[in-house]
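Atoms considered below: every heavy atom in the structure, side chains included; atoms not considered: hydrogens, waters and symmetry mates. Every chain is numbered from 1 and lettered A, B, ... according to where its sequence line falls, protein lines coming before strand lines.
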Amino acid sequence: MNIESILEGCLKNDRKAQYALYQSFAPKMLGVCRRYCNSQEEAEDIMMEGFIKVFQKLDQYGKKNESTLYTWIKSIMVNQSIDYFRAHKRRYEAEVPMEVETISPYTDDLDTRLKAEHLLRLMDEMPEKQRIVFNLREVEGYEFEEIAEMVQEPVNTVRVHLFRGRQWLQKRIKEEDL
Amino acid sequence: MSTIKDILDSHEMTPSADCWQKLSGRLDQLMPQASAEGAGSGQSAMEAGRHASRLAGAAKAKLLITMAGLTIGASVIVLTAVALLKTSPDSVPTPISVPATDTSVTETMEEIPYDPELSTATPTTATQSPVEVSEEAPAPERATERTSEQPVVVTPAVQPAPLAPRTVTPQPPKPVTTPSLVPATPIIVTSAQEDPVIQEQTETLQVVEPTQKLEIPNVFTPNGDGYNDLFVIMGLEQCNKRVLIVRDRSGKTVYQSSKYNNNWDGSNCPEGVYFYQLTFGRNQIEETLQGSVTIIRK
């Protein structure tokens, strides 16, 4: 079953094709969602909502035709994660940006010992807002302006969040001696 | 060597087994699958639906233009509507005027609660004899008259309805004892009248000493120099209940003890402000104090 026939089936609301699409993308997308929340259960909830959006809006995919299917689905998952965060604001305190630092490109090379699970567990403790901005910028590679729009905050605040997030993570990685 | 981005970006997870089942359950609700024979024609049905919605959209747009263009027509419609409202007879209540009066009636009725208990339960005199209290209950009566021309705000006419008289024996108020400000010596309570059974009743009252004021520091320096290395609360040793919870600024609990022995050294806590919640007490009297404490390691 190639991707074209899967997509065609999904457009026809064919459950088997939807399952095929789910199967091929779920592990990656669960990894994406897990970055934004604190447990696999939460990540699965977010991913499920994301897939529902994917199936409902699949006819819109390819209209603008600027991205691959993978990045399209991923952006839906990321947006779903941000929505989820907004609905479940847990630890977020309105932080007033005190200083805007110049941010050098993130160059830390990490040993291969640094396992993703360990890193994720570390990031579970990261302040929510910093974590989201860090993910969006460092992993997803969005521009600051895009992130500012996504999280509805000024660009400078986003920069401060990113700076603090990096500081926080570097410190924790050092502490944990990863 | 790999970067955080590589690690996180390439990280895959296996969804739990029931994840798809849940998802397909949701899909069945939201986008029910077409029946078996209709599955093949799903695409064409979707196309048809889209076409129809486009048509509907066009029709709506057309209607809007017509409406905008024909302002005179619209005002005629409004006039007609007003005329219809004015001429509508009482037997045919229009849905605009009648609910307005209805709500006003119900709202005014709710404002007059009637509670017979309330008016008889509080005796005004301290007499021990039975008091006869008769009450008249205000029974709000629904206004039935309604004019046909316009909605009228109806205030319910209050008609007194007789109520059977009630006999109420007022209870003497129960004495209230407060544990505070009791002298530390036992009190002998002697009755003024002689009781045939008990000549004299001695009761020992439990005396509650006010707990000595605690001294809680607002800073300590766990750097191992022997000075202020622990979070020591002066005066806590005299309490038999001492529960301490310390949270960081994000609300995460960093230290917890159900019987705190002045031994928290702030390990694993970076410098900064922490918030404590201390519940202390003795002899069932408890008090909770909250505040902040700063850790400095210089």
Is any side-chain heavy atom of [X] less than 4.5 Å from a side-chain heavy atom of [Y]?
X        : Y        : result
B/Cys19  : A/Met47  : yes
A/Lys171 : B/Pro270 : yes
B/Leu8   : A/Val32  : no

Next on the checklist: Nearest 0.5 angstrom please: A/Ile52 CD1 to B/Gln29 CD, how far?
Outcome noted: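 Rounded to the nearest 0.5 Å, the CD1-CD separation comes to 8.5 Å.
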Next on the checklist: To the nearest 0.5 Å, what is the distance between NZ on A/Lys28 and CD on B/Glu12?
Outcome noted: 4.5 Å
Next on the checklist: One thing to verify: whether B/Lys22 and A/Glu44 come together as a salt bridge, which I'm taking to mean a side-chain N less than 4.0 angstrom from a carboxylate O.
Outcome noted: no
Checklist entry - Would a distance-only check, ignoring hydrogens and angles, find a side-chain to backbone donor-acceptor pair under 3.5 Å from A/Gln56 to B/Leu30? => result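 Looks like no, no N/O pair under 3.5 Å.
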Would you find more than 12 non-hydrogen atoms of other residues, nucleotides or ligands less than 6.0 Å from [X] atom [atom1]?
X        : atom1 : result
A/Glu145 : CD    : yes
A/Gln167 : CD    : yes
B/Asn263 : CG    : yes

Item to check | For A/Arg15 against B/Met31, the heavy-atom pair lying closest together | outcome: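 The answer is NH2-O, 3.3 Å.
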Checklist entry - Any idea which of A/Gly31, A/Cys33, A/Gly141 has the most non-hydrogen atom pairs under 4.5 angstrom with chain B? => result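 Among A/Gly31, A/Cys33, A/Gly141, the one with the most close pairs to chain B is A/Gly31.
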Checklist entry - Of all of A/Met29, A/Glu49, A/Glu41, which one pairs up most often with chain B through heavy atoms under 4.5 Å apart? => result A/Glu49
Next on the checklist: What part of B/Leu27 gets within 4.5 angstrom of chain A, counting heavy atoms only: side chain, backbone, both, or neither?
Outcome noted: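 Contact with chain A: backbone and side chain both.
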Item to check | B/Trp20 and A/Phe55 aromatic ring geometry - parallel, tilted or perpendicular at 30°/60° bounds | outcome: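 Ring orientation of A/Phe55 relative to B/Trp20: perpendicular.
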